[in-house]
Protein chains: 2
Amino acid sequence: MPFTYDYPRPAVTVDCVVFGLDDGDLKVLLIQRADKPFAGRWALPGGFVNMDETLDVAARRELKEETGLSCDYLEQLFTFGEPGRDPRGRTITVAYYALIRRAEHRIQGGSDAKEAAWFSLHELPSLAFDHDKILESAHKRLQGKVRYQPIGFNLLPLKFTLTELQKMYEAILDRPLDKRNFRKKILSMGVLERLTESQEGVAHRAARLYSFSKAKYADVVEHGFNFEI
Amino acid sequence: MPFTYDYPRPAVTVDCVVFGLDDGDLKVLLIQRADKPFAGRWALPGGFVNMDETLDVAARRELKEETGLSCDYLEQLFTFGEPGRDPRGRTITVAYYALIRRAEHRIQGGSDAKEAAWFSLHELPSLAFDHDKILESAHKRLQGKVRYQPIGFNLLPLKFTLTELQKMYEAILDRPLDKRNFRKKILSMGVLERLTESQEGVAHRAARLYSFSKAKYADVVEHGFNFEI
DNA sequence: CCAAAAGTGTTCTCCATACACCCATGC
DNA sequence: GCATGGGTGTATGGAGAACACTTTTGG
């Protein structure tokens, strides 16, 4: 069946807001653009969608190409398509946000990118295109979603302490949480596996390690339980 | 600045899941396709995005062209871009969902559409493309969002009774709500204007009419209140 | 023994839920 | 006067929020 639509078409790209955790600080991965437009400016990693790949795959591929990273969680965010958002011509971008376990990865600049680096959300440079708008909406989405879906674990090592877990939520939600209430709640959900091991190499009492259990989470959801921080 | 990217491009469309209320029943607006592919099948209203219009505008325009309707609320839902979802070739669709006050509008088939009609969510025909998937995710989004944002009012006449309001939520959430608790809660939010008028033309005690007040809602939000059903 | 973080319970308030009867109106 | 939906209050249980001290470990 031939495609009968031969009008001009917009270009379609994907862009990716990648979040990572640095102790108690939420960071975003940016690349420095090598080419015009906005050469030298910082931007979200991303690029054009190939004709035979899904949008998700395009997002993962571009991220890999430009920063060397694979993400642990990826979710479509929003599609931005204002005429004029790209000075080269009509470009529609499907934005994603991703979470990665920073400790386990090493970043490196790629083909279209001079350099890649992590920025704290409080010290962002001026960004190319409408990427500041995309970044802001990704941050809001993350803040909303992390409270009722167990996605935040993708920012932590597979084994973590309750304090690390709490700090992760505090970093994302940007407000302090009460230690006793937090522990009571998260433990009562029954989605954590308490490991026999403890923290090592700290100059104080070692904390117990925990891991997130997908199996326990599936059980709990099955029985109508709601995850909520 | 010339556009240096001259690879083949996917086609970009918008599709719209339009919800309307029919007494206690949530309905969706579908059109019957005039042309191939899927000629004669029911589908979501939608079509190609023009080069100089925003995505939102494209959604409203297509809706108007194919059904004669203007929507009271429109929100971007998700972008579907599987290669192969359109047999004519790679097509990426930005899906929207819309809410309209059915009582105030009259539908009519348009250019690309043989016919437009409302379907109950429980009696859906087989749909063209991946439109059943889009419809399902729109329904889920609506169920989620209606609980913490006052968007449901866009399905009701500007003046409504508390019973109509409750039935709207019951239709969307697909479960019964307790009358006294519902009234207590919605009134305590302080976002409704109680009008002096009452219902007319009913064969029983006439109910008080209310309207949603944007101003009151803005106040309440400003003071940190959370709308939640 | 000191510094640093781990770990632990109780009280109070508020909100969600469950639940049944009288009232006003049109026919 | 009867059928139909409109309108109202209270009691109970559970969850969220506030809050401070003891324990363990390494240096």
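Numbers restart at 1 for each chain; the letters A, B, ... are given by sequence-line order, proteins then strands.
In this structure, the CG atom of A/Leu177 is 11 Å from the P atom of D/dA18, given to the nearest Å. Rounded to whole angstrom, the span from the CG atom of B/Leu187 across to the C1' atom of D/dG9 amounts to 14 Å. In this entry the distance linking CG of A/Asn226 with P of D/dG16 reads 11 Å, nearest Å. Following rounding to the nearest Å, A/Ile229 (CD1) and D/dA17 (P) show an atom-to-atom distance of 11 Å. Residue B/Asp23 contributes atom CG, which lies 10 Å from atom P of D/dG5 at whole-angstrom precision. The nearest whole Å value for the distance from the CZ atom in B/Phe182 to the C1' atom in D/dG9 is 18 Å. A straight line from NZ of B/Lys167 to C1' of D/dT4 spans 12 Å, rounded to a whole angstrom. At whole-Å resolution of the value, CD in A/Glu228 and C1' in D/dG14 are 14 Å apart.
Between the two ends of the helix from C/dC1-D/dG27 to C/dC27-D/dG1, each summarised by a five-pair axis, the helix axis turns through 0° (rounded to 10 degrees).
Using modelled atom types and a 3.5 Å distance limit, the side chains of B/Arg194 and B/Ser213 yield no donor-acceptor pair.
Checking side-chain atoms of A/Asp130 against main-chain N and O of A/Lys133 turns up no donor-acceptor pair under 3.5 Å. Side-chain atoms of B/Arg101 come within 3.5 Å of backbone N or O of B/Phe153 as a donor-acceptor pair. Checked by atom type and distance alone, the side chain of A/Gln143 pairs as donor or acceptor with a backbone atom of A/Ile172 at under 3.5 Å. Between the side chain of B/Asp25 and the backbone N or O of B/Asp22, no donor-acceptor pair lies under 3.5 Å. Judged purely by atom type and a 3.5 angstrom limit, B/Thr67 has no side-chain atom pairing as donor or acceptor with the backbone of B/Lys64. Remark: the backbone N or O of A/Val94 is not paired with any side-chain donor or acceptor of A/Gln76 at under 3.5 angstrom. In terms of modelled atom types and a separation under 3.5 Å, the side chain of B/Glu228 and the main chain of B/Arg147 share no donor-acceptor contact.
Counting non-hydrogen atoms under 4.0 angstrom, B/Thr161 reaches nothing in the nucleic acid. Within 4.0 Å of B/Arg183, counting heavy atoms only, lies at least one base atom of the nucleic acid.
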What N/O pairs connect the protein and nucleotides 21-25 of chain D at under 3.5 Å? Give each pair on its own line.
from, atom 1, to, atom 2, distance (Å)
D/dT23, O2, A/Arg205, NH1, 3.0

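Across all non-hydrogen atoms, the minimal contact from B/Tyr210 to B/Leu192 is CD2-CB, 4.1 Å. Residues B/Gln32 and B/Gly40 approach most closely at NE2-O, 3.0 Å, considering heavy atoms.
With respect to A/Thr163, the side-chain hydrogen bond (donor to acceptor under 3.5 Å, both in side chains) criterion is satisfied by exactly one of A/Lys179, A/Gln199, A/Arg183: A/Arg183. Residue A/Val18 is tested with A/Ile31, A/Leu99, A/Leu63 for a side-chain contact (heavy atoms from CB on, under 4.5 Å); the sole match is A/Leu63.
You can see that DNA chain C meets the heavy atoms of chain B within a 4.0 Å-exclusive cut from C/dA16 to C/dG26, reading 5' to 3'.
Summary of the strand contacts: A/Thr163 and A/Arg180 both lie near DNA chain C, and taking for each the nucleotide with the nearest heavy atom, the more 5' one is attributed to A/Thr163.
Taking the side chain of B/Lys184 as heavy atoms from C-beta on, and the options D/dG9, D/dC19, D/dG6, the nearest nucleotide is D/dG9.
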